[in-house]
Amino acid sequence: MSDIDVLKPDTIAKPKTQEPRLYKVILLNDDYTPREFVVHVLKAVFRTTEEQANRIMMTAHQRGACVVATYTRDIAESKAKEGTDMGREYGFPLMFSTEPEE
Ligand code: TYC
């Protein structure tokens with residue numbers, strides 16, 4: 001046994017806790033929801049600034065979808081539902097979905 005082997009642990013300790021997997025909330029474009037309403041929902045549900053909300057809305061409008069933010073699974077799902085429900089309440093087909101990161 002060499003000197004260096006004596007200094008090595010037999011087993012490598014694994015961290016006991018893991019960071020929870022994060023989920024993306026995705027805003028989907030549609031042809032009917034007014035732009036200003038999308039901005040309003042982004043500010044209210046996702047606490048973005050007016051400028052951030054405008055950028056996210058325009059990206060979804062031009063490319064079909066845009067990642068709004070990432071959260072743990074429960075928070076992502078409840079925010080996606082809250083945003084989608086808010087559109088529905090006003091008769092708009094506004095839609096947020098979630099998907100795991102990576
Ligand atoms: N495309 C919509 C319109 O022209 C606006 C809109 C943007 C709707 C983004 C949804 O996720 C969306 N009125």
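Count residues from 1 along the sequence. When a ligand or atom number is given, it counts from 1 through the structure's own listing order. Here the structure is a predicted model, which is why all the values come from computation and not from measurement.
- Taking all heavy atoms of Asp31, Asn29, Ile26, Leu27 into account, the minimum distance to atom 10 (C) of ligand 1 is reached by Asn29.
- Residues Leu42 and Phe96 have side chains in contact (heavy-atom distance under 4.5 Å, counting atoms from C-beta outward).
- A cation-pi geometry, defined here as NZ or CZ lying under 6.0 Å from the six-membered ring centre and within 45° of its normal, holds between Lys79 and Tyr71.
- In this structure, the side chains of Arg21 and Glu101 stay at 4.5 Å or more apart for every pair of heavy atoms.
- The backbone N or O of Thr59 sits nowhere less than 3.5 Å from a side-chain atom of Gln62 that would complete a donor-acceptor pair.
- With a 4.0 Å cut-off on non-hydrogen atoms, Asp30 touches ligand 1 through its backbone as well as its side chain.
- Contact of the Thr48 side chain with the Val39 side chain is not registered, since no non-hydrogen atoms from C-beta on lie closer than 4.5 Å.
- Distance from atom 4 (O) of ligand 1 to its nearest protein heavy atom, with residue and atom name: His61 CE1, 3.1 Å.
- Near Thr33, with a cut-off below 4.0 Å to any heavy atom, the atoms of ligand 1 are 2 (C), 3 (C), 5 (C), 6 (C), 8 (C), 13 (N).
- Using a 4.0 Å cut-off to heavy atoms of Leu28, the atoms of ligand 1 that qualify are 10 (C), 11 (O), 12 (C).
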